[in-house]
There are 4 protein chains.
Amino acid sequence: MNSIHPNAALALNARDRSRIETRRRLLETGLELFARQGVADTRASDVATAAGVAVGTLYLHFKDKQGLLRAIMREGVEELMGALQRMALSPAPDPAAAVRAHTEVLVRFAESHTGLCRILFDPESVRKNVSTEITEHLAAMLELRVREGIADGIIVPGIDPVVAAHGVVGMLLQVLDWWTRNPGIATADSVIETLTRLRLSGPYQGSEA
Amino acid sequence: MNSIHPNAALALNARDRSRIETRRRLLETGLELFARQGVADTRASDVATAAGVAVGTLYLHFKDKQGLLRAIMREGVEELMGALQRMALSPAPDPAAAVRAHTEVLVRFAESHTGLCRILFDPESVRKNVSTEITEHLAAMLELRVREGIADGIIVPGIDPVVAAHGVVGMLLQVLDWWTRNPGIATADSVIETLTRLRLSGPYQGSEA
Amino acid sequence: MNSIHPNAALALNARDRSRIETRRRLLETGLELFARQGVADTRASDVATAAGVAVGTLYLHFKDKQGLLRAIMREGVEELMGALQRMALSPAPDPAAAVRAHTEVLVRFAESHTGLCRILFDPESVRKNVSTEITEHLAAMLELRVREGIADGIIVPGIDPVVAAHGVVGMLLQVLDWWTRNPGIATADSVIETLTRLRLSGPYQGSEA
Amino acid sequence: MNSIHPNAALALNARDRSRIETRRRLLETGLELFARQGVADTRASDVATAAGVAVGTLYLHFKDKQGLLRAIMREGVEELMGALQRMALSPAPDPAAAVRAHTEVLVRFAESHTGLCRILFDPESVRKNVSTEITEHLAAMLELRVREGIADGIIVPGIDPVVAAHGVVGMLLQVLDWWTRNPGIATADSVIETLTRLRLSGPYQGSEA
DNA sequence: GATGAATGAGGATTCATTCAT
DNA sequence: GATGAATGAATCCTCATTCAT
């Protein structure tokens, strides 16, 4: 379509640049408003207006309001996944280190993406199953690890992998949800430390079931 | 007014009985419909009609739709609290037994109150802060226990009580939510076992923090 | 019905006394609430409860809410008419004195029946034509006087009696309405004086038509 | 945006024209329906449908039903004020002529804006304080004149300006209300004549206070 | 006569989405 | 591509009134 341009692959003409810029502004504004006032209390036209375009334009870029919501989440999740993958590049010396690293990535991400966390737990996200998808995705990833752990003999066999995965996801997300709503009550380090210990060996001293 | 009746304090006249019965039917029907179709997709008049009364009657017994929702939850939570208190009457020999008993009560409760669990996690409950109240209540109770555990030296001091409490609540509720939605994937015993182990010592063998 | 009583005409049995007392309390309470919160914002059950009876009882005494409203007004208007008739017993020496006396009765009545005035001008009274009836009644009375005045040659013939009557009624009622809402701004004497002058010869000095 | 157009300031594009036209139709239809059936008995959707648009469109142009009512009144009142100001441009030779001119403007306006008068006295207008505002506005204007008259010595000092102003407003509005409801009973000229005389010197011959 | 639980019609308002310009 | 006026389905809640007890 832009084939007239001699270097079409690299250079974008003004229209394309403007379109991309508009889309970016909608995502940004949506993130901001959804996080601040809640998804249900943010009108599609609010986002459009705040982004400096007409409502109709929003619908040119996204199928519907939920489409915008999903796109915002997708971007955020992709970033999180990227962080998790980067973490995986430098393998941990032992499972304990791996769990700590994993926890740290999540907590740091929540710390720097408060708005995204608020949206993730927004009732509307839940209602439209947007956040369930993410929860299930994380649970599936963890379930895999638990199964590996069991196979490697480092996780006790009495554990049901699916249940455990959902338990850990619940623990992580609930804490992150609570923490982003009450950031002053605990430091990031404290949250990381506590979650890591809980994930590794529960709260009890020299614990064995 | 009922003074003719020899046992006026216990006996209710027909009108009172009818009122109480109507209220009970509304609570029951509300639980059923809210759980099945979701709170937002259940009209106030749906509940009333299904309960065999007119809409106005619902508003005679409850302030509004949310009032009905809260009442349903309150009844359920009171029942759960009762079960937890009964459990507390026969003190566990050791912390591990206490955690197992606590977990068992929750899982059994979820098993026999599926509808209530579905409502607790309904987006509308979340949106109206009905479920947040319950989450925070549970977290507060657990926080107390964690603090006691630290004082008694059975919980490692590196743990932040508030974070840990929210973590455990998140773990429990997420698993119960998932399990009541997918009851066939794990047995109650397996869920109890896994949650108990996770709460006690995490998933790992001979764990060390 | 009470014929068993030897002096049925004078003595009322307990039931009758109670019924009359209940009716009186409903009228009193209705006047109070209607005046304070407005007719539309006062529920039938509000009045009943405040009067210490059940809603149903209100409907035993009055056909409906409007019936209560009418009864309250009727009592007030009868009282006003009584005052006007008493005034008519001692005929004024001249038309000017008559007008002044008439005005004074109205203003004094408004002063001591603020609640009734508020109800008279309540939108709901207007809507249900309750106050229009009164307005028209007053206008009809005044129209008669104007016609007499024309016949007696003391009122100029260019005046249309119906128009004049409505004009004077409007003047009186608007002032009373305003004054009962803002009682501090003018004294009763000042209101009487001003209205009397306006009714007699308009505001202007040594007036000439 | 319309910069291509040689006379952009005056010319409106099709969309703007359509919006203004829609608004005008809503105002017109609202005036018609409110006057005919009363404000309370006219549904918002009635107005919209009769105006050939959907309900939502009404709420696009006006905050709510009352907003439409206020807009209708505002337009009418502005027109009346314009007429009164035009009248003030050619000053009357004497106070009597001024009063007559003022009265005439009001009566002629009522004659040609019957619907607006009906709405002004609609209980719903009263209830929402829409008409009180107008009454008070007129009273404030008249009060000013009375004060001037007193200062100029042409109005007798015994008159309280606020009371007199409300009295005259009440007289004028009550007559106009009655007359627009019963237009056949008196001619416009007769109404003007009677009101003028009443305002100037009261109904009595060679009157003395 | 008194009670008060039950009735149920009725209407304003919102906001995601469309489509003619 | 961008615009933004128009759409209209959808639902909550009130409260005057009744009538079985």
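Hydrogens, waters and symmetry mates play no part in the numbers below; they use all other heavy atoms, side chains included. Model, not experiment: these values are computed from the prediction. Per chain, numbering begins at 1; letters A, B, ... match sequence-line order.
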Query raised in the report: Is a donor on one side and an acceptor on the other found under 3.5 Å between the side chain of B:T42 and the backbone of B:G38?
Result: yes
Report task. For DNA chain F, produce a single dot-bracket line, 5' to 3'. Pairs: Watson-Crick or G-U wobble, both distances under 3.5 Å. Symbols: ( ) within strand, [ ] crossing, | other strand, . unpaired. Result -> .||||||||||||||||||||
Report task. Return the 5'-most residue of the pair A:A44, D:R43 with respect to DNA chain E, ranking by each residue's nearest nucleotide. Result -> D:R43
Query raised in the report: Any idea which heavy atoms bring C:A40 and C:D122 closest together, and the distance?
Result: N-OD1, 4.5 Å
**Report entry** Nearest-Å distance for atom pair NZ/C1', residues D:K128 and E:dA12
**Finding:** 11 Å
Query - Shortest non-hydrogen contact from C:V126 toward C:T132 - result: O-OG1, 4.2 Å
Query - Separation of E:dA6 C1' from B:R25 CZ (nearest whole Å) - result: 12 Å
Requested in this report: Please report the C-alpha distance between A:D41 and B:R127 in whole Å, then the side-chain angles of each, then the deciding distance to 0.1 Å, and finally whether the salt bridge (Lys or Arg N to Asp or Glu O under 4.0 Å) criterion is met.
Outcome: CA-CA 11 Å; A:D41 291 338; B:R127 181 142 182 247; 3.3 Å; yes
**Report entry** Near-strand residues of residues 54-64 of chain C, defined as heavy-atom separation under 4.0 angstrom from DNA chain F
**Finding:** C:V55, C:Y59, C:D64
Requested in this report: Measure the distance from CG on B:D16 to P on E:dT3 and round it to the nearest whole Å.
Outcome: 15 Å
Query raised in the report: NA contact type, A:T49, heavy-atom cut-off 4.0 Å: base, sugar-phosphate, or nothing?
Result: nothing
Query raised in the report: CD1 of B:I20 versus P of E:dG4: gap in Å, rounded?
Result: 15 Å
**Report entry** Rounded interatomic separation in angstrom, taking CG from D:D46 and C1' from E:dA12
**Finding:** 12 Å
Requested in this report: Give, ordered by number, those residues of residues 32-41 of chain B having at least one heavy-atom distance below 4.0 Å to an atom of DNA chain E; if nothing qualifies, reply none.
Outcome: none
Query raised in the report: Under 4.0 Å between a Lys/Arg side-chain N and an Asp/Glu carboxylate O for C:R70 and C:E133?
Result: yes
Query raised in the report: Can you tell me if the side-chain N/O atoms of D:T22 get under 4.0 Å from OP1 or OP2 in F:dA6?
Result: yes
**Report entry** Test side-chain hydrogen bond (donor to acceptor under 3.5 Å, both in side chains) applied to B:R25 - qualifying residues, sequence neighbours left out
**Finding:** B:E21
**Report entry** Short side-chain to backbone donor-acceptor contact, D:S125 and D:I119, under 3.5 Å
**Finding:** yes
Report task. Return the value, rounded to whole Å, for the distance between atom CZ of A:R127 and atom P of E:dA16. Result -> 12 Å
Report task. Could you tell me the separation between the CZ atom of C:R23 and the C1' atom of E:dA2, rounded to a whole number of Å? Result -> 17 Å
Query raised in the report: Of all the nucleotides listed (F:dT7, F:dT3, E:dA5), which has the minimum atom distance to the side chain of D:R15?
Result: F:dT3
**Report entry** salt bridge (Lys or Arg N to Asp or Glu O under 4.0 Å) between D:R24 and D:E28, intermediate numbers included
**Finding:** CA-CA 6 Å; D:R24 197 189 54 67; D:E28 226 165 53; 2.6 Å; yes
**Report entry** Salt-bridge contact D:E32-D:R36 (side-chain N to carboxylate O under 4.0 Å)
**Finding:** yes
Report task. May I ask you to decide if A:S18's main-chain N or O and A:T22's side chain share a donor-acceptor pair within less than 3.5 Å? Result -> yes
Query raised in the report: For C:V47 and C:F34, what are the C-alpha separation, side-chain angles and deciding distance, and is it a side-chain contact (heavy atoms from CB on, under 4.5 Å)?
Result: CA-CA 9 Å; C:V47 178; C:F34 284 160; 4.3 Å; yes
Query raised in the report: What parts of residues 65-75 of chain C reach DNA chain F, counting only heavy atoms under 4.0 Å away?
Result: C:K65
**Report entry** For atom CZ of D:R19 and atom C1' of E:dC19, their distance in whole Å
**Finding:** 18 Å
Report summary line: Residues passing the side-chain hydrogen bond (donor to acceptor under 3.5 Å, both in side chains) test with A:E124, sequence neighbours excluded, are none
Report task. Check whether any side-chain N or O of D:D46 sits under 3.5 Å from a backbone N or O of D:R43 as a donor-acceptor pair, and report yes or no. Result -> yes
Requested in this report: Would you indicate, yes or no, if E:dA6 has its OP1 or OP2 atom less than 4.0 angstrom from a side-chain nitrogen or oxygen of B:S18?
Outcome: yes
Query raised in the report: Hey, does the side chain of D:K65 reach the backbone of D:V39 with a donor-acceptor pair shorter than 3.5 angstrom?
Result: yes
